[in-house]
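Within every chain, numbering begins at 1; the chains are lettered A, B, ... in the order of the sequence lines, protein sequences first and strands thereafter.
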Amino acid sequence: MPDTDALPRVLLDWYDVHARDMPWRVGPVQRKAGIQPDPYRIWMSEIMLQQTTVVTVRDYFQRFVARWPTVRDLAAAQDADVMGEWAGLGYYARARNLLKCARAVVDEHDGVFPADHAALLQLPGIGPYTAAAVSSIAFDLRHTVLDGNVERVMARLYDIHTPLPAAKPELMARADALTPSDRPGDYAQAVMDLGATICSPKSPACGICPWRDPCAARAAGTQGELPKKTPKKPKPVRHGTVYLAQRADGAWLLETRPEKGLLGGMLGWPGSPWVDTSEPLPHGTPPLDTDWRTLAGEVRHTFTHFHLILTVKHATVPQDTAGDFVTPDQFRPSDLPTVMRKAFDLSQS
DNA sequence: CATACGTGGTC
DNA sequence: TGACCAAGTAT
């Protein structure tokens with residue numbers, strides 16, 4: 001059994017030297033000099049980092065805080081502007097909840113992020129992990145973060161073979177027992193940095209790990225097979241049709257998708273429902289009665305729980321055609337979610 | 001507890 | 001090349 005009193009100290013010492021630089025992060029040296037993180041930026045980064053890598057988040061974060069420097073700025077933004085800026089980052093419910101949360105902070109908390117874990121948990125898009133991350137990292141309160149990194153580190157440190165998600169309560173208990181009252185914010189970032197860099201999913205760098213000596217999995221040689229996970233279900237393949245209509249002035253016929261469900265609230269091309277490939281290719285109802293040309297090739301895209309094959313139809317229509325056309329000066333292909341941008345790219349090739 | 005919910009990088 | 005994986009949340 002590792003000495004649980006010494007472990008957090010060892011990790012904090014490692015973090016003092018190896019903390020990675022991130023645009024939202026106040027590093028250990030600055031923090032010791034009394035500089036506190038901006039809760040708005042910590043919250044923003046934590047929402048973006050949900051199921052998303054630091055490398056991907058970095059540029060999105062910079063664009064968001066440059067465009068909306070404070071939570072009040074964000075709360076006052078147009079929905080379509082925020083969704084467009086989020087396009088390509090995925091999990092679009094995060095963007096919808098980002099706006100709801102910003103407006104709740106302004107309306108219910110006088111524009112100031114609450115430090116309290118329970119209060120944070122009441123806000124849209126903030127669950128157990130993010131509430132703990134914001135209260136610890138932004139306010140240096142002692143809360144235990146349990147994300148994918150910490151789960152992996154704990155499973156290895158204590159050689160826990162119970163598969164996820166059943167192992168979560170035990171992993172949380174282990175993580176909580178290690179969380180120190182001194183520098184809990186730096187500790188939270190340190191244990192996640194450790195999981196992201198040293199204690200990685202494949203071929204962990206045990207030789208340079210600050211916790212190599214107390215690590216039970218390393219002693220047992222099981223680090224490569226932990227954490228165990230319950231097998232995933234196979235992804236079905238679905239297919240459908242999308243319609244790209246371009247007016248004489250170059251404007252495109254687009255629609256804002258319904259708030260709920262896949263790509264909710266995002267810009268997209270009109271099209272058919274997407275059905276299993278065991279069924280015939282659906283054509284849906286074309287948005288205009290015109291001469292549609294089927295483009296060569298197809299769009300292939302994989303979502304979290306299914307593969308999609310899209311047939312893309314294109315038409316050039318007269319200037320006086322009625323509909324929600326977006327003019328070239330207002331159309332940014334980067335406002336489209338990736339699957340829709342792939343259809344656009346096919347029409348341009 | 002299971003499922004829906006994106007995308008890009010990696011091996 | 002396809003499966004796995006990433007600082008999870010909502011229902």
key: Nearest listed nucleotide, side chain of A/Arg341, among C/dG8, B/dG8, C/dC5   = B/dG8

task = Take atom CZ of A/Arg96 and atom P of C/dA10, then tell me their distance rounded to the nearest Å.
result = 11 Å

query = Atom CH2 of A/Trp274 to atom C1' of B/dA4: distance rounded to whole Å?
reply = 14 Å

note = A/Leu98 CG to C/dT9 C1', in whole Å, measures 14 Å

ask   = A/Leu262 CG to C/dA10 C1': how many Å, rounded?
value = 15 Å

inquiry  = Counting only side-chain nitrogens and oxygens, does A/Tyr91 get under 4.0 Å of the OP1 or OP2 atom of C/dA10?
reply    = no

query = How many Å lie between NZ on A/Lys235 and P on B/dG6, as a whole number?
reply = 12 Å

ask   = Hey, which of these two, A/Asp147 or A/Pro124, hits DNA chain C nearer its 5' end, going by closest nucleotide?
value = A/Asp147

message = In this structure, how many angstroms lie between the P atom of B/dT3 and the CG atom of A/Leu164, rounded?
response = 16 Å

remark   = Of the candidates B/dA2, C/dA6, B/dG6, the side chain of A/Pro165 sits closest to B/dA2

query = With a non-hydrogen cut-off below 4.0 angstrom, is A/Gly195 in contact with a base, only sugar-phosphate, or nothing?
reply = nothing

A/Asp59/A/Arg63 ion pair, N-O < 4.0 Å = no

request  = Would you please indicate yes or no on a ring centroid separation below 6.0 angstrom for A/His301 and A/Phe303?
outcome  = yes

request  = For C/dT1 versus B/dG8, give the span between their C1' atoms, rounded off to a whole number of Å.
outcome  = 15 Å

ask   = Counting any heavy atom closer than 4.0 Å, what does A/Met22 reach on the DNA or RNA strands: base, sugar-phosphate only, or nothing?
value = base

query = Base, sugar-phosphate alone, or nothing: which one does A/Gly261 contact when heavy atoms must sit under 4.0 Å apart?
reply = sugar-phosphate

query = Does the cation-pi check pass for A/Arg174 over A/Trp211, that is, NZ or CZ under 6.0 Å from the six-membered ring centre and within 45° of its axis?
reply = no

query = So, is A/Thr302 near the phosphate of C/dG2, with a side-chain N or O under 4.0 Å from OP1 or OP2?
reply = no

Rounded distance in Å between the P positions of C/dA7 and B/dC5 = 23 Å

Whole-Å gap separating P (B/dG6) and NZ (A/Lys342) = 14 Å

key: Shortest side-chain distance from A/Asn97, nucleotide among C/dA6, C/dA7, C/dA10   = C/dA10

message = Are there over 12 heavy-atom neighbours, none belonging to A/Asp13, within less than 6.0 Å of that residue's CG?
response = yes

message = What is the separation between atom CE on A/Met48 and atom P on B/dT7, rounded to the nearest whole Å?
response = 15 Å

task = Run the salt-bridge test on A/Arg25 and A/Asp21 with the 4.0 Å N-O cut-off and return the result as yes or no.
result = no

remark   = Closest of B/dT7, C/dC5, C/dG8 to the A/Val339 side chain is B/dT7

inquiry  = Between A/Gln50 and A/Tyr129, do the side chains contain a donor N or O and an acceptor N or O under 3.5 Å apart?
reply    = no

inquiry  = Considering every strand and a 4.0 Å limit on heavy-atom distances, what is the contact class for A/Leu89: base, sugar-phosphate, or nothing?
reply    = base

Candidate nucleotides C/dA7, B/dG6, C/dT11, ranked by approach to the side chain of A/Lys260 - the nearest = C/dT11

task = Would you kindly compare A/Val55 and A/Gly264 by the position of their nearest DNA chain B nucleotide and give the one closer to the 5′ end?
result = A/Gly264

task = Return the 5'-most residue of the pair A/Asp193, A/Lys202 with respect to DNA chain C, ranking by each residue's nearest nucleotide.
result = A/Lys202

N/O (side chain, A/His305) to phosphate O (OP1/OP2, B/dA4) under 4.0 Å = no

task = Kindly check if the number of other-residue, nucleotide or ligand heavy atoms within 6.0 Å of CZ (A/Arg300) is above 12?
result = no

ask   = Is the phosphate of B/dT7, meaning OP1 or OP2, less than 4.0 Å from a side-chain N or O of A/Thr338?
value = yes

task = May I ask you to evaluate whether A/Arg152 reaches the phosphate of C/dA6, defined as a side-chain N or O under 4.0 Å from OP1 or OP2?
result = yes

request  = Look at A/Thr53 and C/dA7 and indicate whether a side-chain polar atom (N or O) is within less than 4.0 Å of OP1 or OP2.
outcome  = no

Listed nucleotide nearest any side-chain atom of A/Lys229, set C/dT9, B/dC5, C/dA6 = C/dA6

message = Can you see if the side chain of A/Gln51 gets near the phosphate of C/dG8 - specifically, an N or O under 4.0 Å from OP1 or OP2?
response = yes

Short side-chain N/O contact to B/dT3 OP1/OP2 from A/Lys233, under 4.0 Å = yes

